[in-house]
2 protein chains.
Amino acid sequence: MAKAKRTPKWQRDPEGMRLRILEAAKQEFSAHGLAGARVDRIAAKAGANKRMLYYHVGNKDELYLAVLEGAYDKIRSEERGLDLEHLDPPEAIRRLIEFTWNYFLRNPEFLSLLQTENLARAKHLKKSTKVKSMHSPFVEMIRTVVRRGVDGGDFQVAVDPVQLYISIAGLCFFYLSNSATLSVIFGRDLLDKKAKDERLAHMVGLVLAALTGQSVALFEIAKAPKSRSVVAQTV
Amino acid sequence: MAKAKRTPKWQRDPEGMRLRILEAAKQEFSAHGLAGARVDRIAAKAGANKRMLYYHVGNKDELYLAVLEGAYDKIRSEERGLDLEHLDPPEAIRRLIEFTWNYFLRNPEFLSLLQTENLARAKHLKKSTKVKSMHSPFVEMIRTVVRRGVDGGDFQVAVDPVQLYISIAGLCFFYLSNSATLSVIFGRDLLDKKAKDERLAHMVGLVLAALTGQSVALFEIAKAPKSRSVVAQTV
DNA sequence: GAAGAAATTAACCCGTTGGATAAATACTGT
DNA sequence: ACAGTATTTATCCAACGGGTTAATTTCTTC
């Protein structure tokens, strides 16, 4: 028998493999949900063997939780880089909305994972020790912005930062995560460029108008004079 | 051999059976999603045999679509009874928000079903002929309210009714459908009575303030003087 | 009271799926 | 070069789950 096999069939790369597995799992879980996800497909997509999943991460549930924690970790860390402190309050809120919107656009799997986890009534997330300790200092960031806005006279009311955050996230989240059914219902494509631009303008206008008491459509239109209405639309 | 079996083991009731199957399926699908739902559990919950599902409705996918169509049918019909025409515009918007909020609260399975269907990118809904024809005349209802509000000077801007509807639905939907993960993240129970009351007040305040340009917290507080802040919260 | 249709039950089929076992292959230190 | 360990592969399997087949029971009607 010739000795053969001079070239290694694979390189050892445990950390790389772990990452590929998690990435593949993220796609699979977000595309099919927890129950619909197939362990074999994850393995194949990661260029790995099914046994590897169990070796490197654990069983299906642990894998799912790891993906979920990773997703939260990612958004929280990006949020931290937002520093809204040295913007004047209305501009800070605008930036927050734009960040949230764009993050959701860039990371659709995050939306799907959240939906999946909420469908499961956060059963898995509750078990996570990591995520609980991540309570966003983000809320404090927003609280500060609101306080500054009120003190400086820009904002009319000192809104609860958690409510505000949930509202902003909700305005973005619902539109994007439900765009499929909404598009069918309303018979328009909500994901083409124009629709997305209009939505962003609408959300910024809605929230800022509520906070400042002035129709934001005004300076919105001033900024982009050619787009004919943005929040407002002549009747 | 004695003849036995004088009392019938079951009554024939095809329509009742069909309804029980659909109700059981609704619960199962909303609790576990499409892939997670178990045909056997549906049958058991309906007090039926698995074969009955196929006899009365069809296979798992058809069953799911039937449930989904039923859910849409229900909310659309309730919406039709809202008649906002003879309310003055701000009050009409308030009622719309309250209706949406309460409907979602009363029908949590509807939220779950929507989430599930959107996770599937509306694959099934697109096949439905019924739902497409249900385009809500609701949008026209809202358009009329907005137009009246602008004409009468109550509203500052003529917002696109579809955007407004999506915003209202989104504010309600996200809070409720994601309350499980949000509660974990923020470490507060978002579903107790007080939290729900505050949320409703926040949403009404946000939307009406944006539309009218006046901080709605004012007449909100006037109406319910004992609740200490509603939209606003002193800093 | 018998025939035929409608509704219901029980039992089985068979591909899928999560997970396990054990062997093979690459790397590390000595 | 050898031993020991970490990583990867190749198979296997028991449970499950959707769907089907065929028999059984009730209702209708003539």
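Model, not experiment: these values are computed from the prediction.
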Exercise. Name all pairs fulfilling the ring pair (Phe, Tyr, Trp, His ring centres under 6.0 Å) condition that reach into residues 56-78 of chain B, sequence neighbours left out, sorted by first residue then second.
Key: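 Checked against ring pair (Phe, Tyr, Trp, His ring centres under 6.0 Å) - neighbours excluded - the pairs reaching residues 56-78 of chain B are B:F29-B:Y64, B:Y64-B:H124, B:Y72-B:F110.
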In whole angstroms, how far is the [atom2] atom of [N] from the [atom1] atom of [X]?
X	N	atom1	atom2	result
B:L53	D:dG17	CG	C1'	13 Å
B:M17	D:dC27	CE	P	13 Å
B:H32	D:dC16	NE2	C1'	15 Å
A:R20	D:dT7	CZ	P	13 Å
A:Y55	C:dT25	OH	C1'	13 Å

Quiz item: Looking across every strand, which nucleic acid part, if any, lies under 4.0 Å from A:A37 by heavy atom: base, sugar-phosphate, or nothing?
Solution: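 Sugar-phosphate only.
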Those residues that, when tested against [X], pass side-chain hydrogen bond (donor to acceptor under 3.5 Å, both in side chains) (two or more places apart):
X	value
B:S167	A:R199, A:H202
B:E62	none
B:E28	B:R41, B:K45
B:K74	B:N107

Which listed nucleotide ([options]) is nearest to the side chain of [X]?
X	options	value
B:H56	D:dT9, C:dT17, C:dT8	C:dT8
B:M52	C:dT9, D:dT8, D:dG18	C:dT9
B:R51	D:dT8, C:dG19, C:dT9	C:dT9

Exercise. List in numerical order all residues of residues 39-49 of chain B for which some heavy atom is under 4.0 Å away from an atom belonging to DNA chain C.
Key: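 Residues of residues 39-49 of chain B that come under 4.0 Å of DNA chain C are, in numerical order, B:N49.
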Quiz item: Does a donor on one side chain and an acceptor on the other come within less than 3.5 Å for B:T181 and A:E117?
Solution: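 No.
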Quiz prompt | Sub-4.0 Å heavy-atom contacts from residues 57-67 of chain B onto DNA chain D, ordered by number | solution =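 Heavy-atom cutoff 4.0 Å gives B:N59, B:K60.
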Return all side-chain donor-acceptor pairs below 3.5 angstrom for residues 30-39 of chain A, not counting sequence neighbours, or 'none' if the list is empty.
unit_1: A:S30; atom_1: OG; unit_2: A:K26; atom_2: O; d: 3.0
unit_1: A:S30; atom_1: OG; unit_2: A:Q27; atom_2: O; d: 3.1
unit_1: A:R38; atom_1: NH1; unit_2: A:A35; atom_2: O; d: 3.0

Practice problem: State which residues pass side-chain contact (heavy atoms from CB on, under 4.5 Å) with B:A169; sequence neighbours excluded, sorted by chain then number. | Solution: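 side-chain contact (heavy atoms from CB on, under 4.5 Å) check on B:A169 returns A:F174.
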Practice problem: Apply side-chain contact (heavy atoms from CB on, under 4.5 Å) to A:D73 and list each qualifying residue two or more places apart in sequence or on a separate chain. | Solution: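 Partners of A:D73 under the side-chain contact (heavy atoms from CB on, under 4.5 Å) test: A:M134.
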Quiz item: Quick one: the side chain of A:R38 and the base of C:dT16, do they pair up donor-acceptor inside 3.5 Å?
Solution: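 There is none.
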Practice problem: Just grab all the salt bridge (Lys or Arg N to Asp or Glu O under 4.0 Å) pairs involving residues 177-189 of chain B, residues at least two apart or on different chains. | Solution: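 Sorted result for residues 177-189 of chain B: A:D160-B:R188.
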Self-check item: B:L22 to B:V67 - nearest heavy-atom pair and separation
Solution: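 The pair with the smallest heavy-atom distance is O-CG2, 3.8 Å.
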Collect all protein-nucleotide pairs involving nucleotides 12-14 of chain C in which both atoms are nitrogen or oxygen and the distance is under 3.5 Å.
none

